[in-house]
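Below is one structure, written out as structure tokens; the observations come after it.
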Amino acid sequence: MTTDTATEVFEEHRPVLMGVAYRMLGRVADAEDMVQEAWLRWSGADHAEVREPRAYLVRITTRLAIDRLRQIQSRNEAYVGPWLPEPYATDFADTVPDAAERAVLADSVSLAVLVVLESLSPLERAVFVLREAFGFPYADIAATLDRSEPAVRQLAGRARKHVDERRTRYEVDPALQRELTERFLAAATEGDLEGLLSLLAPDVRLVGDSGGRVKAPLRAIESADKVSRFVIGVARQGGGLQDATFRFVELNGGPALLVLSAGKPDSVFQLDVADGRIQCVYIVRNPDKLLSLADVGKA
């Protein structure tokens, strides 16, 4: 295999590798680092000995991500306030024509699922990502993790049960999410308390991630009344939503509101929806987690 061919093979599989690494780590920069390290190892490999490049590259990336995840988990213990995954720009709506496949990919990369995955062990998370998001056979996952197939099946069952017990099944309907996001924005900027209340489920939750760097709630806010009053209060503050510009983008497989201040990403709002109501409002404001959206903000 020539150098040019090796590069072409790697680039062909880069989206899968990035998808695996991001779902494992919940951080764009860390995922990109893992993919770059996988490239370095691939470029130095004896390609004549590699029968299945995709499996080989996924194995390298997964093992690197497991090692990095173990380091990250120890750092998260000192994180200030709620932790949310770094928003990740996706384009499933344009690149995945099959609706069923698009729904699976969107669900596996959603903020709701990634938050739950943080509570899994690194091995459980790897098995869940490879099996649920990418449909790898158990035998291939066993080879990737250097575990027996029965052990991998046990890990998969445990991970699936854990995820099912700890997250609510939300509707993956981009059109409805977009509509409710637009109405949410309009009600917030207009100070329409009743309008906001009509959009929110009675037990809605608002989770903000600032990492202690900027203003955001240090704990989740619960109930429609408290969430609506908080959102309107933020919108009314000087330098608040009325002084910002907005862009609707696809993040983590669904519509999201990117808030720009002076042309730079300031925050991301994304909603979980079920039964026609907003069940959860995610707000990411940690500046470090918005760096990867700088070009999105210019689009």
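The chain is numbered in sequence order, starting from 1.
At least one donor-acceptor pair under 3.5 Å links the side chain of Q177 to the backbone N or O of L271. Side chain of E124 to backbone of R158: no donor-acceptor contact under 3.5 angstrom is found. Between the side chain of W39 and the backbone N or O of F10, no donor-acceptor pair lies under 3.5 Å. Using modelled atom types, one side-chain atom of N252 and one backbone atom of Y88 make a donor-acceptor pair closer than 3.5 Å. A donor-acceptor pair under 3.5 Å links the side-chain atoms of S198 to the main chain of G195, judged by distance alone. Formation of a donor-acceptor pair under 3.5 Å by the N286 side chain with backbone atoms of D288 is found in this model. Not one N or O on the side chain of E250 forms a donor-acceptor pair closer than 3.5 Å with the backbone of A256.
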_What verdict does the side chain to side chain contact (heavy atoms under 4.5 Å, CB included) test give for R23 and F134, after you've listed the backbone C-alpha separation in whole Å, the side-chain angles of each residue and the deciding distance to 0.1 Å?_
CA-CA 11 Å; R23 287 168 175 81; F134 296 97; 3.6 Å; yes
*Might you work through the side-chain hydrogen bond (donor to acceptor under 3.5 Å, both in side chains) test for D272 and Y282, ending with a clear yes or no?*
CA-CA 8 Å; D272 277 335; Y282 298 107; 2.8 Å; yes
*Working for side chain to side chain contact (heavy atoms under 4.5 Å, CB included), residues D33 and R68*: CA-CA 10 Å; D33 287 347; R68 177 63 67 89; 3.9 Å; yes
*Given E32 and R27, is the salt bridge (charged side-chain N to carboxylate O under 4.0 Å, His left out) satisfied, shown in steps?*
CA-CA 9 Å; E32 290 174 340; R27 297 159 178 80; over 6 Å; no
*asked:* If you apply the rule side chain to side chain contact (heavy atoms under 4.5 Å, CB included), what do you find for E37 with R41, and how did you get there?
replied: CA-CA 6 Å; E37 181 62 28; R41 299 195 182 193; 3.2 Å; yes
*Quick one: do Y56 and H47 satisfy side chain to side chain contact (heavy atoms under 4.5 Å, CB included)? Show the steps, please.*
CA-CA 10 Å; Y56 177 87; H47 300 130; over 6 Å; no
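Of all the heavy atoms in V284 and P85, the pair that sits closest is CG2-O, 4.2 Å. Nearest approach of L293 to P265, heavy atoms of both residues: O-CG, 3.6 Å. Shown here for V35 and R14, the closest heavy-atom pair between the two residues is CG1-NH1, 3.6 Å. The two atoms that bring L206 and P217 nearest to each other are CD2-CG, 4.0 Å, heavy atoms only. Scanning all heavy atoms of the two residues, the minimum distance from E86 to A29 falls at OE1-N, 3.9 Å. Nearest heavy atom pair, residue L69 against residue P122, reads CD2-CA, 3.7 Å.
At a threshold of 4.5 Å between non-hydrogen side-chain atoms, the residues V50 and D46 do not count as touching. Taking 4.5 Å as the limit, every side-chain heavy atom of T62 sits out of range of all side-chain heavy atoms of R59. In this structure, the side chains of V20 and L17 stay at 4.5 Å or more apart for every pair of heavy atoms. V115 has its side chain out of reach of E118: every pair of non-hydrogen atoms, C-beta onward, lies at least 4.5 Å apart. Using a 4.5 Å heavy-atom cutoff, the side chains of V9 and W42 are in contact. You'll find the side chain of E132 stays beyond 4.5 Å of the side chain of S108, heavy atoms only. In this structure, the side chains of T181 and Q270 stay at 4.5 Å or more apart for every pair of heavy atoms. Considering only heavy atoms from C-beta on, R277 comes within 4.5 Å of P202 through its side chain.
No more than 12 heavy atoms of other residues, nucleotides or ligands sit less than 6.0 Å from atom CD of Q154. In the displayed structure, R229 atom CZ is contacted under 6.0 Å by at most 12 heavy atoms of other residues, nucleotides or ligands. Atom CD of E165 has more than 12 neighbouring heavy atoms from other residues, nucleotides or ligands inside a 6.0 Å radius.
One hydrophobic cluster, built from ILVMFWY side chains closer than 4.5 Å, holds both F248 and V281. L218 and V214 are members of different hydrophobic clusters when ILVMFWY side chains are connected at heavy-atom separations under 4.5 Å.
Considering CD of E149 and OH of Y138, their distance stands at 9.0 Å, rounded to 0.5 Å. Within the model, atoms CH2 of W83 and NZ of K289 stand 5.5 Å from one another, a figure rounded to the nearest 0.5 Å. Separating the CG atom in D140 from the CZ atom in R131 is a distance of 10.0 Å, to the nearest 0.5 Å. Separating the OG1 atom in T189 from the CZ atom in F184 is a distance of 10.5 Å, to the nearest 0.5 Å. Summarising the geometry, atom CG belonging to L84 is positioned 9.5 Å from atom CD1 belonging to I283; distances are rounded to the nearest 0.5 Å. Note: L145 CG to L123 CG = 6.0 Å, rounded to the nearest 0.5 Å.
We find that R63 and D67 are not joined by a salt bridge, their nearest charged nitrogen and carboxylate oxygen being 4.0 Å or further apart.
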